Number of protein chains: 4
Amino acid sequence: MSPKIVDKEQKRLEIVEAALQVFGRKGYQGSRMSDIAQEAGIGKGTIYEYFNSKDELILAIFEGLTWEYEQLLNQLAESSQPPLEAILGSLTQLLEEVDEYADLTPVCLELWGSRLLSESLGLREKMSDWFERLSAAYARLIVKGQQKGTIHPEIDAKALARTLVSMIDGILLHYGLFRPSPSFFSKQEKELERMVRRALQL
Amino acid sequence: MSPKIVDKEQKRLEIVEAALQVFGRKGYQGSRMSDIAQEAGIGKGTIYEYFNSKDELILAIFEGLTWEYEQLLNQLAESSQPPLEAILGSLTQLLEEVDEYADLTPVCLELWGSRLLSESLGLREKMSDWFERLSAAYARLIVKGQQKGTIHPEIDAKALARTLVSMIDGILLHYGLFRPSPSFFSKQEKELERMVRRALQL
Amino acid sequence: MSPKIVDKEQKRLEIVEAALQVFGRKGYQGSRMSDIAQEAGIGKGTIYEYFNSKDELILAIFEGLTWEYEQLLNQLAESSQPPLEAILGSLTQLLEEVDEYADLTPVCLELWGSRLLSESLGLREKMSDWFERLSAAYARLIVKGQQKGTIHPEIDAKALARTLVSMIDGILLHYGLFRPSPSFFSKQEKELERMVRRALQL
Amino acid sequence: MSPKIVDKEQKRLEIVEAALQVFGRKGYQGSRMSDIAQEAGIGKGTIYEYFNSKDELILAIFEGLTWEYEQLLNQLAESSQPPLEAILGSLTQLLEEVDEYADLTPVCLELWGSRLLSESLGLREKMSDWFERLSAAYARLIVKGQQKGTIHPEIDAKALARTLVSMIDGILLHYGLFRPSPSFFSKQEKELERMVRRALQL
DNA sequence: AATGAATGAGTATTCATTCAT
DNA sequence: GATGAATGAATACTCATTCAT
């Protein structure tokens, strides 16, 4: 409540922001703590007043993502739209927010791929968990649609749901890595939507 | 071909093989040159008789993949199957060969994500190139199908083709990282095939 | 004496006391200024209102010891006991007060042994001086005893005195480091006294 | 057996020797690995080919001391001299070898006193063990002498033995720290011998 | 006077690469 | 050709001290 606390939280955010910039530019291994400090306009030691280690810094970044992600899951669960529309809406939303996280894509890959880091940070498990939950939410919607008769009855809900998740992840990764032009990406969005719609419809 | 040259090439392959094992087990950053030497049953210095650096070693591995990949592109180009079947066949083939490269998935992510390595090795460009070429091949088949009237005429061939590539990459990455059970993955395969078939058909 | 001054001196003492506790628990190198501040229930910066550095803090502790030590020297000089009894009494007193300083023994060793600190603090010299003065006091008493005929005339007073000082220091150090049981240590005291008495007597 | 192994052992010794020099000059904390490397005329990294850490280096030094010390214990145990002479001989021997280890005295104190190091290296325990064993050896000799009637029967053998050990340690420490002149130290030796002889005799 | 947020100098350790044998 | 001993650049982290409030 005291102004000090406000400052502390503000500064913590500033440091995370700076870290995001630097990690996005140089990758995790390629970024030195002093780079991040410089980007934040503070001294190297100051970072350690707010984070205990470089690892904790990356975890803080991922916590931000986790939060956004929980939002998405909640929206899916609470959606009053018909199942098919809810799924398509969620896909569209992911694709539309893509620019917010695109800079972080390479860092995600780097950490995700690195046995050492991924395991010490518990990232692999965390990611696995994310995808499973999103997949389960899609599966529930598919089943609901099948019960309502709006989604094709022969579909294996779980298998398709998990496939959708992998697919969308692939599309997001390629966006972050190869940065297609907005006009082209918007065409891709349309094709994806058409594909998923036709796949699910009766 | 003097016996010396045969030896050289043979040993080169053995080293690449050992590197594959070790990278698959410990990741790229996590593997020391001495680990690879030990796995290959040779001295650390000997690796440098065949490769100039650790980077060159990883490049050699990727060249192996490139070769496999060229095969796939050639098959696609030369395929006498109807376009729709050719595309589905290619997807199926990628999914069926997945185990061959799955161990390397994390390493690919690690290198791909690491700005430092990815750029110094020219990986980003190389990968971009791969995906563009595969995408172009799919696009050509789609157009051909549209001309023949077997593929939906409203589809934007290039956009869908590039989307298919991202999707399939996502599915392969998730396979390598999360290792679904064979029975579940085979259901995913079926759902993917159905989805793509319905998306492309009239 | 304005109340401010009283406060200052009081607080200074409190800080020294806290430092004693913390140094005793964690050693000199192992104690952070913030530990001491916390123990004293004040802010880190406040210590620097009373002491210019961590070194000065340890010097203040040693000044306390010096004062106790001066007392001992004065008692020795002014003692009206026969020389032999004075020496034995002084040894006994040192052994009996051992618990007061025992916690500080490791810190003394740490500082004493560390070239860096020991020299920058002038500890080596200071300690050397202490021991020389105690030794000189013993030597004077031995000579007096020899003149009175109560102490063995063949003894080299200075050499024995200096040896007594080293011996007693060794015993105090071992007490502080290994903490013998009180009952065993009291037996050691008796044996030491017997030894010194027999060594000095005719 | 191969020349490489001989070199390795030789070099290991050279590094220990260099470390001894540097630690003796600057203390443990005050010595940087690069100082030791420079003293040994090798690269910094080379030290790590022979020792895993700075700690391991200091342990190697102490192992040398341990070995010398075991010799002393063995000599004491196997001595065919009368008990009194055996004890006095052992004390004399310790005092005569004093110059060999004197340079290491401050380092011993530094490590011994530093909670952090002493505990992580297991030094405190090791030292305690040394002193207990020497003390036990003296106690056995005292008891033997009492049985033979050459040593005063009222002496508490264990208490005196442990006191002798502390005493001699004090004398050795003061030698290493204050470096008395050889002529004075030799007088101290004589006084110590006389003292111990008179303390033990009937 | 009191505080504690900010600072940055200082250092052990790893490991790709070299090169003498 | 093969080796592995030697190398040193590169970097996260700690903590005494400062100084704005």
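Order of the sequence lines fixes the chain letters, A, B, ..., with proteins taken first and strands second; residue numbering starts at 1 for each chain. These numbers come from a predicted model, not from an experiment.
We find that OH of C:Y28 is positioned 8 Å from P of F:dA16, with the value rounded to whole Å. The distance between atom CD of C:Q38 and atom C1' of F:dA16, rounded to the nearest whole Å, is 17 Å. One can place CD1 of D:I42 at 11 Å from P of F:dG8, the figure rounded to the nearest angstrom. Distance CG (C:L116) to C1' (E:dG10): 12 Å, rounded to an integer number of Å. Protein atom CZ of A:R12 is 13 Å distant from nucleotide atom P of E:dA6, rounded to whole Å. The CD-P distance, from C:E49 to E:dT3, rounds to 9 Å in whole Å. At whole-Å resolution of the value, CE in A:M33 and C1' in F:dT11 are 11 Å apart. Distance D:E56 CD to E:dA12 C1': 14 Å, rounded to the nearest Å.
Atom-to-atom distance recorded for C:I61:CD1 and C:T66:OG1 is 11.5 Å, nearest 0.5 angstrom.
Scanning both residues, A:R25 and A:E39, for their nearest heavy atoms gives NH2-OE1, 2.8 Å.
Among the protein residues, D:F51 comes within range of no part of the nucleic acid, since none of its heavy atoms lies under 4.0 Å from any strand. As judged by a 4.0 angstrom heavy-atom cut-off over every strand, B:K44 is placed among the base-contacting residues. At a threshold of 4.0 angstrom between heavy atoms, the contacts of D:S53 are confined to the sugar-phosphate backbone, with no base atom among them.
With respect to D:E49 and D:K11, no salt bridge is recorded, no charged nitrogen being found less than 4.0 Å from a carboxylate O. Using a 4.0 Å cut-off between charged side-chain N and carboxylate O, C:D129 and C:K126 make no salt bridge.
Applying the 4.0 Å criterion to OP1 and OP2 of E:dA2, one finds that C:Y50 has a side-chain N or O inside that range. Phosphate contact (OP1/OP2 of E:dT7, side-chain N/O of A:T46, threshold under 4.0 Å): present.
Here the nucleotide nearest the side chain of C:K54, chosen from F:dT7, F:dG1, F:dA16, is F:dA16. Between F:dT11, E:dT3, F:dG1, one nucleotide has an atom nearer to the side chain of A:R32 than all others, and that is F:dT11. Listed nucleotides: F:dA5, E:dA12, F:dA2. Nearest to the side chain of B:K11: F:dA2.
Other residues, nucleotides and ligands contribute at most 12 non-hydrogen atoms within 6.0 Å of the CD atom of C:Q38. Atom CD of D:E56 has more than 12 neighbouring heavy atoms from other residues, nucleotides or ligands inside a 6.0 Å radius.
When each of B:G45 and A:Y48 is assigned the nucleotide of DNA chain F with its nearest heavy atom, B:G45 is the one assigned upstream, toward the 5' end. Checking A:I47 against C:G41, the closest nucleotide of DNA chain E that is more toward the 5' end is the one next to C:G41. Two residues, D:Q29 and B:S34, neighbour DNA chain E, and the one matched to the more 5' nucleotide by heavy-atom proximity is D:Q29.
Although no hydrogens or angles enter the test, the distance criterion places no donor-acceptor pair under 3.5 Å between the side chain of D:S118 and the main chain of D:R115.
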Strand DNA chain E in bracket notation, Watson-Crick/G-U under 3.5 Å with | for pairs to another chain: .||||||||||||||||||||
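Taking the ring centre of C:Y28 as origin, the terminal cationic atom of C:K54 falls inside the region bounded by 6.0 Å and 45° from the ring axis.
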